[in-house]
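Working notes, beginning with the structure itself.
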Amino acid sequence: LHLTGNEKPHPKDFAKLRLTNPSIYLIVMTGLCTGMRVSSIARLSPTDLKVSMKGATYIDISADKTVAGNRDIPIPRQLFDALKSHLSERNGFGLVGRGGKGYSDSVNKPIKSFLKEHHFDGRHEKLSFHAFRKSFNNHMLSLGVERHICGAILGHVDESMTTGIY
């Protein structure tokens with residue numbers, strides 16, 4: 001992979017991660033598609049993945065950082081199926097938290113390794129999993145989704161969290 005400085009990771013490069021580290025791939029995809037916290041994703045089990053009576057797939061978060069964090073998050077069917085299969089086969093993602101400090105190291109280290117392998121480490125030094133959450137929020141706001149809906153999806157207690165920090 002030869003880069004001149006302005007390229008973005010090619011989807012094929014990221015698809016390789018699905019084969020080499022499927023847990024991290026699915027965690028990243030879930031973060032990008034839902035804006036969920038890494039700790040909530042890392043703790044997912046197959047029973048958290050549900051289908052509504054009308055067939056909509058979603059993640060039932062019932063043990064999040066805040067009371068507002070307990071919510072149902074819609075998720076694309078393809079990702080839902082991949083998560084359900086992966087979590088069922090492996091009984092979770094197999095990540096170890098840092099003694100009450102969460103799972104960010106377990107996820108950020110492989111992400112940084114991926115960026116380094118594909119020569120993006122110099123331009124994305126501050127990239128962390130939380131950046132996916134911020135990107136999801138900003139994308140939703142740019143599409144015209146109302147702030148209170150973005151906040152509800154992200155599990156924010158008040159609207160100022162949705163627009164103030166992000």
Side-chain angles (χ1 to χ4, degrees), residues 8-118 120 124 127-140 143 145 149-157 162 166:
K8 295 179 180 177
H10 192 278
K12 288 183 181 178
D13 295 331
F14 189 64
K16 290 177 191 173
L17 186 61
R18 187 167 89 188
L19 301 173
T20 60
N21 197 335
S23 287
I24 295 301
Y25 174 82
L26 287 169
I27 289 169
V28 168
M29 291 303 295
T30 303
L32 288 169
C33 291
T34 66
M36 288 173 62
R37 293 178 179 91
V38 66
S39 57
S40 296
I41 298 171
R43 290 191 304 261
L44 285 177
S45 73
T47 59
D48 296 324
L49 302 170
K50 310 227 170 141
V51 180
S52 73
M53 291 194 306
K54 292 188 176 186
T57 51
Y58 66 97
I59 298 173
D60 177 17
I61 302 297
S62 55
D64 202 47
K65 183 178 171 182
T66 65
V67 173
N70 298 335
R71 64 210 185 275
D72 295 336
I73 303 172
I75 186 169
R77 172 60 86 166
Q78 188 175 0
L79 182 56
F80 176 91
D81 291 341
L83 280 170
K84 189 87 163 176
S85 173
H86 184 84
L87 294 170
S88 296
E89 290 171 9
R90 292 169 178 79
N91 197 26
F93 287 115
L95 299 179
V96 177
R98 297 180 298 152
K101 300 225 183 225
Y103 295 86
S104 59
D105 286 350
S106 298
V107 175
N108 284 329
K109 285 180 183 179
I111 291 171
K112 299 251 186 233
S113 176
F114 171 83
L115 291 172
K116 185 175 183 179
E117 176 184 344
H118 295 285
F120 285 91
H124 302 285
L127 179 69
S128 68
F129 192 86
H130 197 74
F132 302 145
R133 191 167 160 78
K134 292 177 182 183
S135 293
F136 175 84
N137 183 62
N138 290 338
H139 182 68
M140 297 288 284
L143 291 173
V145 176
I149 293 173
C150 292
I153 292 171
L154 291 170
H156 288 161
V157 175
T162 305
Y166 294 106

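Pairs of residues two or more places apart, or lying in two chains, that qualify as ring pair (Phe, Tyr, Trp, His ring centres under 6.0 Å) and include a residue from residues 17-38 are Phe14-Tyr25. Among residues at least two apart or in separate chains, there is no ring pair (Phe, Tyr, Trp, His ring centres under 6.0 Å) pair with a member in residues 34-58. Counting only residues at least two apart or in different chains, salt bridge (charged side-chain N to carboxylate O under 4.0 Å, His left out) contacts with residues 53-62 comprise Lys50-Asp60.
Not counting sequence neighbours, Arg90 has no partner by the salt bridge (Lys or Arg N to Asp or Glu O under 4.0 Å) test. In terms of the side chain to side chain donor-acceptor pair (under 3.5 Å) criterion, Thr57 has no residue partners (sequence neighbours excluded). With sequence neighbours left out, Ser85 forms a side-chain contact (heavy atoms from CB on, under 4.5 Å) with Glu89.
Of all heavy-atom pairs spanning Ser88 and Lys84, the tightest one is OG-O, 2.7 Å. Looking at every heavy atom in both residues, Phe136 comes nearest to Leu32 through CD1-O, 3.5 Å. Counting all heavy atoms, side chain and backbone alike, Phe93 lies closest to Ile41 at CE1-O, 3.2 Å. A pairwise comparison of heavy atoms in Arg37 and Leu154 identifies NH1-O, 3.8 Å as the closest pair. Nearest heavy atoms, Thr34 versus Pro74: CG2-O, 4.1 Å. Between Cys150 and Met140, the shortest heavy-atom contact is SG-CB, 3.5 Å.
Distance alone, capped at 3.5 Å, places no donor-acceptor pair between the Asn138 side chain and the Ser135 backbone.
Under the side-chain contact (heavy atoms from CB on, under 4.5 Å) rule, His86 has a single partner from Leu26, Ile27, Leu44, Asp81, which is Leu26.
Using a 4.5 Å cut-off on side-chain heavy atoms (C-beta onward), Val38 and Phe132 make no contact. Side chains of Leu49 and Ile59 form a contact here, defined as non-hydrogen atoms less than 4.5 Å apart. Residues Ile75 and Met29 fail the side-chain proximity criterion, which asks for heavy atoms closer than 4.5 Å.
Within the model, atoms OG of Ser62 and CG of Asp72 stand 9.5 Å from one another, a figure rounded to the nearest 0.5 Å. Between atom CG of residue Leu79 and atom SG of residue Cys33 there is a gap of 5.5 Å, rounded to the nearest 0.5 Å. Ile61 CD1 to Ile153 CD1: the interatomic distance, rounded to the nearest 0.5 Å, is 13.0 Å.
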- Stepwise side chain to side chain contact (heavy atoms under 4.5 Å, CB included) test for Val28 and Arg18: CA-CA 10 Å; Val28 168; Arg18 187 167 89 188; over 6 Å; no
